[in-house]
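One structure is given below, represented as structure tokens, and several questions about it will come after.
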Amino acid sequence: MTKYQPSQIEPKWQKYWQDQGTYNFEYDSKKPYFYNLVELPYPSGDLHVGHWFAFVTPDVIARFKRMTGHNVFFTNGYDAFGLPAENAAIKRGIHPKDWTYANMESMTKQFQTLGTMIDWRFSLATCDPEYYKWNQWIFLKLMEKDLAYLGKALSNWCPSCQTVLANENVDGGKCWRCGSEVIQKEVSQWFYKITDYADKLIWPESPKVDWPMSVRVGQNNWIGKSEGVEITFPVQDSEHKITVFTVYPETIFGVTYLVLAPESPLVSELTTPECEAAVTKYVQEASKKSELERKSLEKQKTGCFTGRYVINPVNDQKVPVWVSDYVIAGYGTGAVMGVPGSDERDFSFAEKYDLPVIRVIGKSADDLSEVLSIEEALEEGILVNSSQFDGLKSPKEARPRIIEWLISQGFAKSKIQYHLHDWSISRQRYWGTPVPVIHCPTDGLVPVPEKDLPVELPYDVDFAPKGKPPLASDEKWLKVDCPKCGGPAERDAETLDTFMDSSWYYYRYLDPHYSDGPFNPEKVKQLMPVSIYFGGAEHTLGHTLYARFMTKFFKDLGLVDLDEFANKRVQHGTVLGPDGNKMSKSKGNVINPDDVVKEYGSDTVRLYLCFMMPYEAVGPWSQSAIAGAYRFITRIWDLSDNLSDSLPDKASLIKLNQTIDKVTGDLKSIKTNTAIAALMEWLNFLAKKPKLTKIEYKNLLLLLAPFAPHLTEQLWQDHFDKQSIHLQAWPAVDQAYLRDEEVTIPISINGKVRDSILVSSQKTGDQEAIEQLALERPKIQAYLKGQKPLKVIYVSGKILNLVIN
RNA sequence: GCCGAAGUGAUGGAAUGGUAGACAUGAAGGUCUCAAAAACCUUUGAUCGCAAGGUCAUGUGGGUUCGACUCCCACCUUCGGCACCA
């Protein structure tokens, strides 16, 4: 008997598959296509078992699909632009490009030791000019359709470094490099008008594609369509007006104050001289808080009176105007009406600043004085204190009536508001796709002509921020002739968000060197949509929404004929360190796959990763549990010494077919952990027998092949066939051998199991006979004490329940 | 705060209305060995009992049902996301 030594067989088969082209994908429509896609990883350089966890299950599914007769397309690339490369450059003086390419090379090598069927011939890196040329092309198309524009938005700004900071580089409100206090500053940047697609991006109740409910609900909430009205309040002693958005216009008579966002331009215009000092101070303080902080500090709302009043148009009441950071400038009009009688947040604000509270929704028509609690008020009630609208049911009757009236009086107009805002697409960074726009003093914004694409990223630039984007430091690159007038002009020095890169790469995969467009439409017709898109739950709101947007835009351009890019979305969890914490270098709990592979071989690592928990779960790596996976594999290996040519007996055939059935079903629903448990159970059954038949062993290897490709290839070619096991067909279930010959039927009394009987599986449908058998049992008789059961419930083949008093 | 997901033995987990704890890890005992490791065998939710057997048990509290980890209501805790990390 030879000993199982993965280090000897694994590299050998990896080379064999490579040489034979075992996993080479060919466009050939004889079999149905299956496009297996995993989110392309960022080449951070520290590939850890988490990456493997994300990729192993998709690889198992890809192999399973292949064996069940599909032509599977499975490749992988790199999301290679981004901040970490630039951080490394700033911290350690390595050029982002060199750092990124070195990481991609080492990660690809590590990936290959995993033994996946990824066809690397279709790989791509988003930092390759051949790729980002088409990023720029898409940008120009969006610009052409008025869907890309230069606007303004608040960003983290370090006053000392004179640069915009990513959220990640803001550490407790301080700049990660110099420690200065970070403020919110309005900077100009490019946007995509994703809001034009808001309605198209809303998921219908029952979509045609299979995406998790959590994603659909999450995205719909994120898009946050709400229908309401904009109400205009004239400012007292001023020409100004303040417009607020509300979905609860029926509470208009309960307005006791108005709030402006600190960033609203109206703040400085309206604040009276006596309040100016306090308001200015307040606005400054607010600029130090992030949006999330502002939304979080629910209990400690702060604000400042501007000294100004508006007139509530419905009743001519004087209403004070406040500034508070719980109002966000970017949402709605940047101003809200305060209705403390019907909104908890407004109520706590009013309480704190001693503002009046008017209840406008009461409990019943008989007693208009009795008001509802705030939570109940917006659900259902009767309008009170609302002039001619008193007594109307709220919101059903009151809302439409009040809206109609407000509009007819010219106080308001109806408005659909989205929570989603336009996609900020440009970054003041170096390592990204240059924005293909030229700023000309005479012609303004001039798109770079298509023939001049790509606008290549220059290599030698100064990354140290000094008030302008790094690219602006390369004068030679920056200065160009305007394509329109030929006069002196400058390139846009910003780069595109990396979410742009990752929003359409799966089209490019299909023919990554295609040169007549961003992707090859013929191949897209054949392979798209993606069959399963595997990826992280953290992309629910960002990446997958952007990718859907891109597909809808391509459809409008006539480039594709798809509504959604992926038929199915599966989200994976995370592998934590052995200590239960997130793996991180600083905690020293990172498991490097190279080390585990050296000790156990990659088949064991693959098997363990598939077995440890469901794909969607989050859980710790266990150094001892992986030994169990290794034990399982060596037991399979050792069994090969004891094979017989005889035929399996009936009980063995039943177990064999039940296992095929279970593993097949589990793989169809992507439950690798229970599929492996079924294989282990079968192995425990087989190990008890003196001899193992070849038929059983053959099927065992086939079922195990997706999980442990190297081991099964070795054993297959040693014992059965010189053609690769990965080119074999998946075992079929023989329905004749699925049911056990005898089944145990539990007997319960009042729902508690007290006994059980063994029945031939033919007879499970015969309730009378089973009931008879059950009543004959002495244990059951003891419970019945001679009485007849009040009621008998029999679930065929499952349980017999007797109800007694 | 808002949105989403999850809470089951010592541990990872299984069971989506029908015998809770499959499978694995760990632990305890045993076989083999001069010894150890490996391997193999047995036991392993708690509790009462000599045993037969009983009682309790799936985050907490209620409810629906002949029967609830599973469905409904309320609450608690943990995790993920919240727009410049990818």
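In this text, all values refer to a predicted model and were calculated from it rather than measured experimentally. Letters A, B, ... are given to chains in the order of the sequence lines, protein chains preceding strands, and every chain is numbered from 1.
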Honestly, is A:Arg569 close enough over A:Tyr533, meaning NZ or CZ under 6.0 Å from the six-membered ring centre and within 45° of the axis?
-> yes
A:Lys779 side chain, from C-beta outward: closest of B:rU25, B:rG54, B:rG18 = B:rG54
Counting any heavy atom closer than 4.0 Å, what does A:Glu538 reach on the DNA or RNA strands: base, sugar-phosphate only, or nothing?
-> base
Anti or syn - B:rG9, cut at 90° from 0 = syn
Across the strands shown, which category fits A:Gln189 at heavy-atom distances under 4.0 angstrom: base, sugar-phosphate, nothing?
-> base
Does B:rG9 have a Watson-Crick or wobble partner in any strand here, with both distances under 3.5 angstrom, and which is it?
-> none
Look at A:Lys193 together with A:Asp422 and state whether they make a salt bridge at an N to O cut-off of under 4.0 Å.
-> no
Report which part of the nucleic acid A:Pro614 touches: base, sugar-phosphate, or nothing (heavy-atom distance under 4.0 Å, all strands).
-> sugar-phosphate
Which comes earlier along RNA chain B counting from the 5' end, the contact point of A:Thr674 or that of A:Val187, where each point is its nearest nucleotide?
-> A:Thr674
With respect to the phosphate group of B:rG12, does any side-chain polar atom (N or O) of A:Asn673 fall under 4.0 Å of OP1 or OP2?
-> no
For A:Gly82, report the nucleic acid contact type (base, sugar-phosphate, nothing); a contact means any heavy atom under 4.0 Å.
-> sugar-phosphate
For A:Thr744, answer base if it contacts any base atom (sugar-phosphate contacts may also be present), sugar-phosphate if it contacts only those atoms, and nothing otherwise; contact means non-hydrogen atoms under 4.0 Å.
-> base
Output the single nucleotide from B:rC40, B:rC23, B:rG81 whose closest atom is nearest the side chain of A:Arg635.
-> B:rC40
When you measure from the side chain of A:Ser424, which nucleotide among B:rC23, B:rC84, B:rG80 comes out closest?
-> B:rC84
Of the listed B:rC82, B:rU19, B:rA86, the closest approach to the A:Pro746 side chain comes from B:rU19
Confirm from the modelled atom types if A:His419 and B:rA83 form a donor-acceptor pair under 3.5 Å, side chain to base only.
-> yes
Pairwise 5' ranking along RNA chain B for A:Gly619 and A:Met213, keeping only the more 5' one = A:Met213
Is there a side-chain polar atom (N or O) of A:Lys662 under 4.0 Å from OP1 or OP2 of B:rA22?
-> no
Any side-chain N or O of A:Arg754 less than 4.0 Å from the OP1 or OP2 oxygen of B:rG54?
-> yes
Should A:Arg216 be listed as having a side-chain N or O under 4.0 Å from OP1 or OP2 of B:rG4?
-> no
For A:Ile793, report the nucleic acid contact type (base, sugar-phosphate, nothing); a contact means any heavy atom under 4.0 Å.
-> base
So what does A:Asp497 touch, heavy atoms closer than 4.0 Å: a base, only the sugar-phosphate, or nothing?
-> nothing
Base, sugar-phosphate, or nothing for A:Phe632, non-hydrogen atoms under 4.0 angstrom?
-> nothing
Taking atom types as modelled and ignoring hydrogens, do the side chains of A:Trp431 and A:Thr100 form a donor-acceptor contact shorter than 3.5 angstrom?
-> yes
For A:Thr540, answer base if it contacts any base atom (sugar-phosphate contacts may also be present), sugar-phosphate if it contacts only those atoms, and nothing otherwise; contact means non-hydrogen atoms under 4.0 Å.
-> nothing
Do A:Asp740 and A:Ser761 have side-chain N/O donor and acceptor atoms under 3.5 Å apart?
-> no
With sugar-phosphate meaning primed atoms plus P, OP1 and OP2, does A:Arg429 contact a base, only sugar-phosphate, or nothing at under 4.0 Å between heavy atoms?
-> base
Using the ring of A:Trp203 (Phe, Tyr or Trp, six-membered ring only), decide whether A:Arg548 places NZ or CZ under 6.0 Å from its centre and within 45 degrees of its axis.
-> yes
Base, sugar-phosphate, or nothing: which does A:Tyr783 touch, judged by heavy atoms less than 4.0 Å apart?
-> sugar-phosphate
Any side-chain N or O of A:Tyr630 less than 4.0 Å from the OP1 or OP2 oxygen of B:rA39?
-> no
For A:Val215, which contact category applies under a 4.0 Å heavy-atom criterion: base, sugar-phosphate, or nothing?
-> nothing
A:Thr498 side-chain N/O to B:rA86 phosphate OP1/OP2 under 4.0 Å | yes
Using a 4.0 Å heavy-atom cut-off across all strands, classify A:Phe611 as base, sugar-phosphate, or nothing.
-> base
Pair of N/O donor and acceptor under 3.5 Å linking B:rC3 base with A:Asn221 side chain = no
Indicate yes or no: does A:Asp755 engage A:Lys779 in a salt bridge with an N to O separation below 4.0 Å.
-> no
